[in-house]
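FYI, the numbering just counts along the sequence from 1.
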Amino acid sequence: MSDMNFDKMVAQMTPAVYDSFKQAIALRKWPDGQRLSQEQTELCLEAVMKYEVAHGIPENERVGYLERSSCSTNDEAGESDAIKWMN
């Protein structure tokens, strides 16, 4: 799919499609239970991210947002902030 067609598709996405894509990404499954391929996951994620920017979704509500409480890389105990990935 060309970038122009992809961008046009994202511009025409409805909020229901946006929500469906977010759920599919989170569960790694389509609503019918079929697993998303790696390529489908990447395309859905890109579409969701572009949709959020185009529709002015607040940054703290966007996919992938991480709230930071401080700019420091170390806490009081000397341990560094780390992102813990969970499947």
Side-chain angles (χ1 to χ4, degrees):
M1 179 182 302
S2 73
D3 287 338
M4 186 61 161
N5 289 338
F6 187 79
D7 290 341
K8 187 175 179 179
M9 184 272 305
V10 171
Q12 295 176 352
M13 275 176 55
T14 64
V17 171
Y18 165 74
D19 289 336
S20 179
F21 280 9
K22 279 180 53 175
Q23 182 179 21
I25 293 165
L27 301 175
R28 297 283 180 136
K29 293 181 183 176
W30 292 113
D32 67 1
Q34 281 192 331
R35 286 191 55 79
L36 269 71
S37 68
Q38 182 66 30
E39 182 180 18
Q40 289 171 327
T41 303
E42 291 170 5
L43 288 171
C44 286
L45 187 55
E46 183 177 352
V48 164
M49 292 169 72
K50 285 186 176 202
Y51 178 95
E52 291 173 340
V53 170
H55 289 86
I57 305 294
E59 188 173 306
N60 64 333
E61 295 176 19
R62 293 182 186 172
V63 167
Y65 174 77
L66 296 173
E67 187 172 343
R68 295 285 183 171
S69 58
S70 70
C71 294
S72 174
T73 58
N74 294 324
D75 64 13
E76 293 177 14
E79 296 176 20
S80 64
D81 287 341
I83 298 173
K84 295 183 180 176
W85 297 99
M86 300 178 74
N87 289 330

By side-chain hydrogen bond (donor to acceptor under 3.5 Å, both in side chains), Q38 pairs with (sequence neighbours left out) E42

With sequence neighbours left out, the residues meeting side-chain hydrogen bond (donor to acceptor under 3.5 Å, both in side chains) with Y18 are E52

On a heavy-atom basis, the closest approach of F6 and A47 is CZ-N, 3.7 Å

To the nearest 0.5 Å, atom CD of E46 lies from atom CG of D7 at 8.0 Å

Contacts of P15 meeting side-chain contact (heavy atoms from CB on, under 4.5 Å) (sequence neighbours excluded), chain-then-number -> Y51

Are the side chain of R62 and the backbone of I57 linked by a donor-acceptor contact shorter than 3.5 Å? yes

Taken in chain and number order and not counting sequence neighbours, the residues that satisfy side-chain contact (heavy atoms from CB on, under 4.5 Å) with A24 are W30, L36

- request: Any chance you could lay out the side-chain contact (heavy atoms from CB on, under 4.5 Å) test for E67 and N60, step after step, and finish with the verdict?
  value: CA-CA 7 Å; E67 187 172 343; N60 64 333; over 6 Å; no

CG of L45 to CE of M49, rounded to nearest 0.5 Å, is 5.5 Å

What verdict does the side-chain contact (heavy atoms from CB on, under 4.5 Å) test give for I25 and V63, after you've listed the backbone C-alpha separation in whole Å, the side-chain angles of each residue and the deciding distance to 0.1 Å?
CA-CA 10 Å; I25 293 165; V63 167; 5.8 Å; no

dist Q23:CD -> C44:SG (nearest 0.5 Å) comes out at 11.5 Å

Hey, any chance V17 and M9 share a hydrophobic cluster, counting ILVMFWY side chains that come within less than 4.5 Å of each other, even indirectly?
yes

Hits for side-chain contact (heavy atoms from CB on, under 4.5 Å) against E59, two or more places apart or cross-chain, chain-then-number order -> Y65

